[in-house]
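Fair warning: this is a prediction, and the values are worked out from it, not measured in the lab. Note on naming: letters A, B, ... go to the chains in the order of the sequence lines (proteins, then strands), and numbering restarts at 1 for each one.
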2 protein chains.
Amino acid sequence: MANDTERVYRELRRSIVEGVEPPGARLTEQRLATRFECSRTPVREAVRRLESEGLIVVEPNRGAHVRPLTEDEIADLYEVRARLEAYAAELASVRAEPAERLALRAAADAFDGAAGAVIGRPDDIALVRRLDEANGAFHGAVLSMSRNRRVQTLVAAAVDAPLVFQALQRFDADELRRSCLFHHLITDAIAEGEAGRAGRLMTEHVLQGRDALLAHLSAVGGLGELFEVGA
Amino acid sequence: MANDTERVYRELRRSIVEGVEPPGARLTEQRLATRFECSRTPVREAVRRLESEGLIVVEPNRGAHVRPLTEDEIADLYEVRARLEAYAAELASVRAEPAERLALRAAADAFDGAAGAVIGRPDDIALVRRLDEANGAFHGAVLSMSRNRRVQTLVAAAVDAPLVFQALQRFDADELRRSCLFHHLITDAIAEGEAGRAGRLMTEHVLQGRDALLAHLSAVGGLGELFEVGA
DNA sequence: GATCGCTCGATTGTGTGCAATCCGATGGGC
DNA sequence: GCCCATCGGATTGCACACAATCGAGCGATC
């Protein structure tokens, strides 16, 4: 099935999340239409959808840009996410069924494998993508075990942002190993039905991600050095 | 400025939130275009935006419906909201400036006034709307004091849902007075910088809203009695 | 009588043209 | 030399037409 809107939405979204279109990049409907070989109509819809997700800002009659994020906004994003995912982990501890607990363990193991593969080869985009997917699968499993659809959609909206993917790409071996450890600790807590502990661990885990990203940013001299925001 | 998309979006949204378009109601682009006296293009954009907010479901090539909510989903909604607003209240306790604390007190007082006006006259839609706005102003003030934009947008997406407005409409005097009390208790906690207490009070306040809505629903025999979901 | 296939109406999906709007550049006035 | 009005290109906002798609209902067949 050739649904242009959906196709443009997914590909453009990926370009933004992975940083191919850097924050601040200008996105005109006409150029995107040419690039995706369709008319402006489906492009327009995809752009509006990304706007309502907060990945893009559209200035009326002026054009759309990939939304530039300040360090404060990155911190906000991770902190809200920490709250929501901690809540999901608490619910999961209470509501999960045996089969789901096993699947969660499997997801944690799969992340271990993807992390092992990426260590020492951070330039292999395919491996990073696999790591990103494994990470998404683990967190997605917790969310799904929470049985709260609303929290799932809200986290989905808060999880994909520019820079997050690149952050994963820049994680060093220590950070990756710590993530693996946290995933297993969280899995244990959920398996044992210890909601409070699961929530606290998840909070710490997400905030660790925030700190890692912010540390990398300041190490390279801030956002401005990475991207020409005004370009 | 006559921006049709924006106009259609706002008016249609209000119709849905206030229950003029009941859950399950069918919304075809052509009919909406006629109703709003414009072409299908802006209608389409407004519908898609409402879809991404979760107020509408669009079945491909089939048509759009106001999203029917189950009681479970209503509970989910309020519980997520409780977490997010509690977080905002904690942040506000730490970050708010004196002028904002005064403004919050004023918002709580304004809600008292609107609640007093609506008691005994629950059929006056204008009064209920004012109450809804006063409530939104209070909660919005807390969110704004949190200095976390992300939590503001997420709560905004979680706060407007079908039935919530009607719930307010059905609140009896006791429930309204309890809301007033909670608003002032929360204001006090924030003013005194007691983050933990502010968060706990906010949680309780939002969950009280959930219980009131669910109680009213079961009192009238469940969702099915209120609306023909399949219609 | 039940089931399958077909046609048809309704609705969305997409392409395209034109009008409205905005920013920047340019030129004249002071 | 500086400032303001004006003009032009670029871009979105909207309308409309046509194509694609889906399900419902009808009729033929077994």
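- In this structure, B/His183 and B/Phe111 have perpendicular ring planes: the angle between them is above 60°, well past the 30° mark.
- The shortest distance between the side-chain N/O atoms of A/Asn3 and the OP1/OP2 oxygens of C/dT14 is below 4.0 Å.
- Spacing between atom CD of A/Glu29 and atom C1' of C/dG17 amounts to 15 Å, rounded to whole angstrom units.
- In this entry the distance linking CD of B/Glu51 with P of C/dT12 reads 12 Å, nearest Å.
- Ion pair A/Glu51/A/Arg48 flagged as a salt bridge, since at least one NZ, NE, NH1 or NH2 atom sits closer than 4.0 Å to an Asp/Glu carboxylate oxygen.
- The distance from atom CG of B/Asp4 to atom C1' of D/dG13 is 9 Å, rounded to the nearest whole Å.
- The CZ atom of B/Arg81 sits 10.0 Å away from atom CG of B/Leu207, with the distance rounded to the nearest 0.5 Å.
- The side chain of A/Arg62 has C/dC23 as its nearest neighbour among C/dC23, D/dG13, D/dC14.
- Annotation: B/Arg147, atom CZ; neighbour count of heavy atoms from other residues, nucleotides and ligands within 6.0 Å is above 12.
- Rounded to whole angstrom, the span from the CZ atom of B/Arg26 across to the C1' atom of D/dC22 amounts to 11 Å.
- A donor-acceptor contact under 3.5 angstrom links the side chains of A/Arg35 and A/Ser15, judged on distance only.
- One can place CD of B/Gln30 at 11 Å from C1' of D/dC16, the figure rounded to the nearest angstrom.
- Nearest-nucleotide mapping onto DNA chain C: of B/Pro60 and A/Asn61, the residue sitting toward the 5' end is B/Pro60.
- What separates CD of A/Glu59 from P of D/dT12 is a distance of 11 Å, to the nearest Å.
- Legend: residues meeting ring-ring contact (aromatic ring centres under 6.0 Å, His included) with B/Tyr78, ordered by chain and number and at least two apart, are absent.
- Less than 4.0 Å separates DNA chain C from at least one heavy atom of each of the following residues of residues 34-48 of chain A: A/Cys38, A/Ser39, A/Arg40, A/Thr41, A/Pro42.
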